[in-house]
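Handing you this structure, nothing more for now.
Counting from 1, the numbers follow the sequence of the chain as shown. The shown structure was predicted, so the numbers you read here are calculated from the model rather than taken from an experiment.
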Amino acid sequence: MAAAHLLAALSSSTALRPPLRLRSPQHPPHIRFNCTGRRPFPVVRAAETDAKNAKANAKAPNKAPAADGSSFNQLLGIKGAKQESDIWKIRLQLTKPVTWPPLVWGVLCGAAASGNFHWTVEDVAKSIVCMIMSGPCLTGYTQTLNDWYDRDIDAINEPYRPIPSGAISENEVITQIWVLLLGGLGLGALLDVWAGHDFPIVFYLAVGGSLLSYIYSAPPLKLKQNGWIGNFALGASYISLPWWAGQALFGTLTPDIIVLTTLYSIAGLGIAIVNDFKSIEGDRTLGLQSLPVAFGMETAKWICVGAIDITQLSVAGYLLSTGKLYYALVLLGLTIPQVFFQFQYFLKDPVKYDVKYQASAQPFFVLGLLVTALATSH
């Protein structure tokens, strides 16, 4: 009975409904409908795709190496390097030979400041061995170690570098770190024996520098996480320690030299900041408080140039106070072109012009180091 009433109600409602009219659907432009029952997708024209890609590429930073990368840059370990498959070239790239000259120069300054270096075959041979210890061995160890602990940051900033790209294996990197470290320490011990030292000062300087490099890069301390402490430690490694090694090899360390080289480490802090600007994206992502991250690029630029220039002016003032007028004037003269190139390149764009700035301004800085060394030797 209930079923009969329901059927009757449905029939009556159908009879009262007006007939349906089929209308042609108004499709939005560029949309097709298929017969599969799936949701339709818009048809995107080629011109629209090109416009979107161009817009995306303008916003996204370029993380790939240049297609025409330089083999020379690869050997020096700087950006713009060619992708390489030769393991020995990759090993050399990890040591960043471009960073060796300041250490080599520091040894030369220390030898000059000692007042006991002579242009004999033995003294030249000693200085070369000390330079190899400071540059290729211990600086190479430092750079390889730093790249190993920075592999997560490099995966963001420079994913094509040897370690994050997988061009070199974990075991090969670890082996290289140990070989360079032990080689540097061995040369330090050899130099102490060669120089007839009762106390192995060169060896202990090598140990101290290696330890400083480790705590700079590796957790839990990882000094580079703090922009001030990390960059000062880096400046001391590049200026004070090789100078002390060169001076200890041929003479004795004196308090005034320790004070001057420590002061120069403040300038080294400024030089170290230059390299922080290109890593600002990765540092911020991983929570590293480099000075460009902590203070912003504009303030960090002025901290950088201020540390470099004020240090040199202070050293010139010290030399003047000790009666070294001509040396002080030469040092001031070498500071002027540095300030010019700071305004010409670095202060305009520290990321775009970092290589040009360092190539043009740093030679005057290292010449100033030698002037100071010669002044203290007389």
Side-chain angles (χ1 to χ4, degrees), residues 99-115 117 127 130-135 137-143 146 184-185 187-188 191-192 197 199-217 221 223-224 226-275 304 307-316 318-319 331 362 365-377:
T99 62
W100 300 351
L103 285 292
V104 171
W105 192 260
V107 171
L108 178 63
C109 290
S114 72
F117 176 83
S127 62
C130 192
M131 291 173 182
I132 294 172
M133 176 195 74
S134 301
C137 289
L138 294 182
T139 306
Y141 151 79
T142 299
Q143 295 294 343
N146 187 63
L185 296 180
L187 289 179
L191 287 169
D192 282 316
H197 292 160
F199 179 80
I201 185 170
V202 178
F203 173 77
Y204 279 114
L205 286 172
V207 170
S210 303
L211 178 61
L212 186 60
S213 298
Y214 180 80
I215 64 175
Y216 172 80
S217 299
L221 294 179
L223 298 181
K224 68 183 300 178
N226 183 296
W228 293 108
I229 299 174
N231 285 325
F232 182 79
L234 195 61
S237 298
Y238 273 75
I239 296 176
S240 298
L241 287 174
W243 184 315
W244 294 351
Q247 183 151 352
L249 183 61
F250 295 101
T252 56
L253 285 175
T254 56
D256 61 328
I257 288 296
I258 293 175
V259 170
L260 276 177
T261 51
T262 302
L263 187 61
Y264 260 118
S265 296
I266 298 175
L269 177 150
I271 294 172
I273 298 172
V274 174
N275 295 317
C304 176
I308 295 171
D309 298 341
I310 292 173
T311 295
Q312 294 180 95
L313 293 175
S314 300
V315 173
Y318 170 80
L319 295 178
L331 185 56
Q362 303 300 45
F365 177 80
V366 297
L367 283 174
L369 285 173
L370 183 59
V371 169
T372 303
L374 292 172
T376 58
S377 69

| query | Nearest 0.5 Å, what's the CG-SG distance between L260 and C109? | reply | 12.0 Å
| task | Locate the shortest heavy-atom distance separating A113 from Q247; write the atom from each residue and the value. | result |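 Minimum heavy-atom contact is CB-OE1, 3.4 Å.
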| Non-hydrogen atoms of L374 and S377 that approach each other most closely |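 Where L374 meets S377 most closely, the heavy atoms are O-OG, 2.8 Å.
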| query | If you round to the nearest 0.5 Å, how far is OG1 of T376 from CH2 of W243? | reply |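 Result: 5.5 Å between the selected atoms.
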| message | Restricting to non-hydrogen atoms, name the atom on G230 and the atom on Y216 that form the minimum distance, rounded to 0.1 Å. | response | O-CE1, 3.2 Å
| Intermediate values then yes/no, side chain to side chain contact (heavy atoms under 4.5 Å, CB included), V259 and Y318 | CA-CA 11 Å; V259 170; Y318 170 80; over 6 Å; no
| message | Has W105 got a side-chain atom pairing as donor or acceptor with V366's backbone, closer than 3.5 angstrom? | response |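 The answer is yes, because a donor-acceptor pair under 3.5 Å joins these two groups.
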| said: Tell me the closest heavy-atom pair linking L212 and A233, and the distance in Å. | reply: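 Scanning both residues completely, I find the closest heavy atoms to be CD2-O, 3.7 Å.
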| said: Test your reading of the model: is there a side-chain donor-acceptor pair from Q143 to the backbone of T99, 3.5 Å cut-off? | reply: no
| remark: Minimal heavy-atom distance between A206 and L138, with the atoms involved, is CB-CD1, 3.8 Å
| For K224 and N231, does a side-chain donor sit closer than 3.5 Å to a side-chain acceptor? |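 Distance-only check fails for K224 and N231.
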| Going through the checks in order, is the side chain to side chain contact (heavy atoms under 4.5 Å, CB included) test met by L241 and W244? | CA-CA 5 Å; L241 287 174; W244 294 351; 3.9 Å; yes
| request: Can you see which heavy atom on A267 is nearest to which on I308, and at what distance? | output: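 Heavy atoms of A267 and I308 come nearest at O-CG1, 3.7 Å.
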| How long is the gap from OG1 on T262 to CD1 on I239, to the nearest 0.5 Å? | 10.5 Å
| said: Nearest 0.5 angstrom please: L191 CG to L205 CG, how far? | reply: 11.0 Å
| field | Reported OG1-to-OH distance for the pair T142 and Y214, which is rounded to 0.5 angstrom | value | 13.0 Å
| task | Quickly, which of C130, S134, S237 forms a side-chain contact (heavy atoms from CB on, under 4.5 Å) with L103? Name it, please. | result | S134
| request: Taking atom CG of L313 as the centre, report whether more than 12 heavy atoms of other residues, nucleotides or ligands fall under 6.0 Å from it. | output: yes
| query | Crowded around I258 CD1? As in, over 12 foreign heavy atoms under 6.0 Å? | reply |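 Correct, the count exceeds 12.
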| request: Using the side chain to side chain contact (heavy atoms under 4.5 Å, CB included) rule, take L108 and S127 through it: C-alpha gap first, then chi angles, then the decisive distance, then the call. | output: CA-CA 7 Å; L108 178 63; S127 62; over 6 Å; no
| field | Heavy-atom donor-acceptor pair, H197 side chain to A248 backbone, under 3.5 Å | value | yes
| task | Only counting residues at least two apart or in another chain, list the ones meeting ring-ring contact (aromatic ring centres under 6.0 Å, His included) with F365. | result |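 With neighbours one apart ignored, the set is Y264.
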| field | Side chain proximity check, M133 to V202, heavy atoms < 4.5 angstrom | value |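 With C-beta onward as the side chain, the pair touches.
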| If you measure only the distance, is there a donor-acceptor pair under 3.5 Å linking the side chains of S265 and S240? |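 Judged by distance alone, the side chains do pair up.
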| Listed partners of P200 passing side-chain contact (heavy atoms from CB on, under 4.5 Å), at least two apart | D192, F203, Y204
| Roughly how far apart are L249 CG and F117 CZ, rounded to 0.5 Å? |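 Interatomic distance, L249 CG to F117 CZ, rounded to 0.5 Å: 9.5 Å.
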